[in-house]
Amino acid sequence: MRTVTLNNGVEMPLLGFGVYQIPAEDTEHAVSEALAAGYRLLDTAAAYGNEEAVGRAIGSSGIPRDDLFVTTKLWVQDAPAQDNTHRAFETSLAKLGLDHLDLYLMHQPFGDVYGQWRAMEDIHREGRARAIGVANFYPDRLVDLIVNNEITPQVNQIETHPFFQRAAYQDLMREHGVRIQSWGGFAEGRNDLFGNPLLAGIGEEYGKSVAQVVLRWLTQRGVVAIPKSVRAERMAENIDVFDFRLTDEQMARIATLDTGGSLFFDHHDPEIVTWLAKRRLDA
C-alpha cells in the first residue's frame with residue numbers, strides 16, 4: 001500500500017476502507033473481509049453507529065495495532081463543547097476497543113468549532129490521536145480555523161469525485177499543508193458514473209473497471225480514498241489500482257467531467273446547516 005505523509009510526519013495509507021451506510025449488523029463481517037483483502041486504513045464515525053462493529057473486527061483480526069490506521073469522527077457537540085468533545089472521544093475509543101486513534105476528524109463545521117478543536121488539540125498533544133483534522137470544511141471555514149489556532153488540521157475529508165473534483169481547493173489545502181481525503185469517491189453512482197463512456201473507455205485500455213479508474217484518478221492526484229463495499233470481490237478489485245498509471249491526457253479528459261458543484265448537499269444551505277447542526281447522537 002502506498003502512503004502519504006501528513007504535515008506532522010505521520011504516514012497515512014493512500015487507499016482505505018470506509019463503512020458509511022453499512023448497517024451495524026453487517027459492518028464486522030465487511031471490515032474483516034476488507035482487512036483480509038489488504039486494507040489497513042479504516043474510516044468510521046460516531047454518527048455512523050457502527051464503531052463497535054469496527055472494533056470487533058479489528059480485535060479478531062490478529063493484525064498488529066501498529067499496522068492499522070484507524071479514523072473516526074466527532075459529531076457536533078452541545079455546550080460546553082470542549083468538555084463534551086473529550087467525553088465523545090473517550091466514548092468512540094471505548095466502542096472501538098482501542099487506546100488511541102490514528103486520525104480524529106471533526107465531522108461537520110458547525111457548533112462551537114473552536115471549543116471542539118481546542119479539545120482535539122489537547123487529545124493530539126496527549127498522543128491519544130496521532131493526527132487530527134476536519135471534514136466537510138469549505139475553504140473559508142478551513143482557513144479561518146488554521147489562522148486562529150495552533151495546530152493546522154492534518155486532513156480535510158470532503159466530497160470529491162469525477163463530477164466534483166475540488167482541484168483548486170486541493171491546491172489551497174496543499175499550500176496550508178492539509179491533506180485532502182475523498183468521501184463519496186464514486187458519487188454513489190449518481191450521474192450514471194459506472195456507465196460513463198469516458199471512464200469506461202479509459203478502463204478498457206487497461207483492463208480495469210470504472211471504479212478502478214476512479215480510484216486510480218483520485219490516488220494519482222494524491223487524494224486519499226476510502227471506497228466502501230460489502231462484497232469481498234469488489235473490495236479486492238478496489239484495492240488493485242496501483243499496477244497502472246493514467247496518462248496526462250487521460251487525466252485531462254477526466255477533468256472535463258467536473259460540474260463544479262455537490263451532488264449531495266451544500267454546507268452553505270441554511271436548511272442543511274440547521275439540520276446538521278441540530279442533529280444529536282444518542283451516544
Side-chain angles (χ1 to χ4, degrees), residues 1-6 10-22 30-31 33-35 37-45 48 54 68-73 102-103 105 107 131 133-137 153-167 169-171 173-174 178-191 193-194 196 199 202-203 206 208-246 250-251 254-255 257-258 262-264:
M1 175 55 62
R2 300 184 187 182
T3 63
V4 294
T5 303
L6 304 181
V10 168
E11 293 288 317
M12 180 179 185
L14 186 54
L15 184 62
F17 183 74
V19 299
Y20 176 57
Q21 292 182 331
I22 299 181
V31 172
E33 293 279 9
L35 292 171
Y39 293 89
R40 293 296 178 264
L41 163 59
L42 302 175
D43 180 277
T44 184
Y48 299 170
V54 172
L68 298 175
F69 193 101
V70 182
T71 302
T72 194
K73 307 179 191 73
D102 298 285
L103 178 62
L105 300 179
H107 205 153
V134 296
N136 299 304
F137 272 58
Q154 274 86 52
V155 171
N156 185 15
Q157 186 183 116
I158 57 175
E159 178 187 351
T160 312
H161 48 72
F163 306 120
F164 194 23
Q165 300 189 8
R166 318 303 286 271
Y169 191 16
Q170 182 179 2
D171 290 340
M173 281 191 269
R174 187 181 293 113
V178 180
R179 173 64 57 172
I180 183 174
Q181 183 177 28
S182 162
W183 66 256
F186 297 145
E188 295 186 2
R190 300 186 185 192
N191 287 6
L193 178 128
F194 295 111
N196 183 274
L199 298 172
I202 292 173
Y206 298 100
K208 296 291 185 179
S209 68
V210 166
Q212 288 172 311
V213 170
V214 170
L215 290 172
R216 190 67 186 102
W217 167 76
L218 285 167
T219 56
Q220 197 165 308
R221 289 177 52 197
V223 178
V224 178
I226 45 170
K228 173 199 74 176
S229 180
V230 294
R231 296 167 52 193
E233 65 272 19
R234 187 70 68 197
M235 296 176 194
E237 176 184 300
N238 287 345
I239 204 172
D240 183 25
V241 297
F242 295 112
D243 59 348
F244 73 108
R245 183 175 180 82
L246 301 174
Q250 289 167 336
M251 295 289 283
I254 294 173
L257 298 176
D258 194 6
S262 172
L263 296 189
F264 297 93

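Computed from heavy atoms alone, side chains included, the values below leave out hydrogens, waters and symmetry copies.
Side-chain contact of Arg221 with Gln170: a donor-acceptor pair under 3.5 Å is present, judged by distance alone.
Between atom CZ of residue Arg179 and atom CD of residue Gln157 there is a gap of 14.0 Å, rounded to the nearest 0.5 Å. In this structure, the separation between CD on Gln181 and CD1 on Ile158 is 10.0 Å, given to the nearest 0.5 Å. One distance of note links CD of Gln154 with CG of Asp102; it measures 12.0 Å at 0.5 Å rounding.
Ring geometry for Tyr206 versus Phe244: interplanar angle of 30 to 60°, hence tilted.
Here the shortest heavy-atom pairing between Leu35 and Arg40 reads O-NH1, 2.9 Å.
Two rings, from His107 and Phe137, have their centers 6.0 Å or more apart.
By the 4.5 Å heavy-atom criterion applied to side chains, Met173 and Arg166 are not counted as neighbours.
Residues satisfying the ring pair (Phe, Tyr, Trp, His ring centres under 6.0 Å) test with Phe242, not counting sequence neighbours, are none. For Ala211, the side chain to side chain contact (heavy atoms under 4.5 Å, CB included) partners at least two apart in sequence or on another chain are Phe186, Phe194, Ser209, Glu237, Asn238.
Of the charged side-chain nitrogens involved, at least one lies within less than 4.0 Å of a carboxylate oxygen, so that Asp243 and Lys208 count as a salt-bridged pair. We find that Lys73 and Asp43 are joined by a salt bridge, their nearest charged nitrogen and carboxylate oxygen being less than 4.0 Å apart.
By the neighbour-count criterion of 12 heavy atoms within 6.0 Å, atom OH of Tyr20 is sparsely surrounded, having that number or fewer from other residues, nucleotides or ligands.
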Side-chain donor/acceptor pairs under 3.5 Å, residues 11-19, sequence neighbours excluded:
from  : atom 1 : to   : atom 2 : distance (Å)
Glu11 : OE1    : Thr3 : OG1    : 2.7
Glu11 : OE2    : Thr5 : OG1    : 2.4

